[in-house]
Amino acid sequence: WSWRLSRFIVRPMSQDRPLLQHTAILTMDRARRVLLALALGALVLCSWLAPMDAPAMAQVDAGLKRALVSFATARVLNAAISVAQGTEALIQPFGFGVTLAPGQALDPVNDLVEQFSNLMLAASVVFGVQKVLIGIGGYWPLSLLLTGAVLGWGWCCCWRRQRPPAWLSRLLVIVLMLRFAVPVVTLGSDVLWQKFLAADYQASQQLVSGASGKVQQLGPNMPEAGDNAGLLDKIKGWVAKNADIKKNFEDLKLAAEQATEHIIKLIVVFLLQTLVIPLLLLWAMYGLARRMFEWPGPPPQTGRSVADT
């Protein structure tokens, strides 16, 4: 009788196990569709309310200001070094008894400064392009197109429980990137900049500005507009003021070379902020969007097969 009793108890439990599995699958599928619907609704709301556009625009303006400040510093340093290089041709022919060759010593530094100024100009252009793209992404027809794509994709996936058409998934990914890529990449780049690059930028920018002022102080003063003194008188006054001309040019060379390391740091900072980090974030966002929307997994069909069995 114990064998019959165990058979009576165990058999109904074994028969209820597929039913429990079916209930768990339905619950997970329902939760998945609810979460997907909430995520799609959040995308539509963010598209119309634009909570990221204003902070992204503010960060672009701040980055543009930093790039322009560095560009102006580079141009001032470049002008000061160029004036110092030109003193060789001005001093030697007049027989002051001093033979100098500052141009050969300062030419590599001046080339680096010129390349740095060109890079800062390019960085300023990049920030300007980002600002324009944020404005284009916030235009209402793009939000309307994204809303339609989200509704169509969600109706296929959540309501009909079918795989959305490939063209609709690709359209959703493209419109999603057009609407949110630039603000998300801008804010993400700014977070990484604040965390890892801001301190290096502040220190390097301050030292480069100081080196620019020192180079201007050590170099000869060029005649200003409206000054009666000629260029030769200016150079003679500078020679009289600095008795040891060779030492003065050595100090000038040292001040220019000290700025080289910090100029390279600034180049690295702006390359990371305007090129490397945005491209990595853009690639990651595009891959995530394709994985989420372009190839959605088929809805589970296990429940029907279990019910049939």
| Which atom names give the shortest non-hydrogen contact between Cys156 and Pro165, and what distance separates them? | SG-CD, 4.0 Å
| said: According to ring-ring contact (aromatic ring centres under 6.0 Å, His included), who are the partners of Phe270, at least two apart in sequence or on a separate chain? | reply: Tyr201
| Distance (rounded to the nearest 0.5 Å) between Leu121 CG and Phe116 CZ | 12.0 Å
| said: Nearest 0.5 angstrom please: Asp190 CG to Gln273 CD, how far? | reply: 7.0 Å
| query | Is it true that Leu145 and Trp153 fall in one hydrophobic cluster, defined by side-chain heavy atoms closer than 4.5 Å? | reply | yes
| Just by distance, do the side chain of Ser209 and the backbone of Gln205 share a donor-acceptor pair under 3.5 Å? | yes
| query | Can you find a heavy atom in the side chain of Val191 that is under 4.5 Å from one in the side chain of Leu187? | reply | no
| request: Determine yes or no for a side-chain-to-main-chain donor-acceptor pair under 3.5 angstrom, with Ser189 supplying the side chain and Ile277 the backbone. | output: no
| task | Please check if Val150 and Met177 belong to a single hydrophobic cluster, counting links between Ile, Leu, Val, Met, Phe, Trp and Tyr side chain heavy atoms closer than 4.5 Å. | result | yes
| Pairs touching residues 119-140 that satisfy side-chain hydrogen bond (donor to acceptor under 3.5 Å, both in side chains), sequence neighbours left out | Asp61-Lys131
| said: Contact between Arg179 and Asp53 at the side-chain level, heavy atoms closer than 4.5 Å - yes or no? | reply: yes
| task | Check whether any side-chain N or O of Ser169 sits under 3.5 Å from a backbone N or O of Phe293 as a donor-acceptor pair, and report yes or no. | result | yes
| request: List for me each residue that meets side-chain contact (heavy atoms from CB on, under 4.5 Å) alongside Val184, sequence neighbours excluded, and say none if there are none. | output: Met52, Phe180, Met285
| Check: Leu271 and Leu119 side chains under 4.5 Å, non-hydrogen atoms | yes
| Do Leu172 and Leu146 have side-chain heavy atoms sitting under 4.5 Å apart? | yes
| message | Side-chain heavy atoms nearer than 4.5 Å, only ILVMFWY residues, links allowed to pass through others: does that put Leu192 and Val126 together? | response | no
| remark: Distance col, row Met120:CE vs Ile263:CD1, nearest 0.5 angstrom, shows 10.0 Å
| Residue pair Asp200 / Leu266, side-chain heavy-atom distance below 4.5 Å | no
| note | Value for CG (Leu45) from CG (Leu40), rounded to nearest 0.5 Å, stands at 11.0 Å
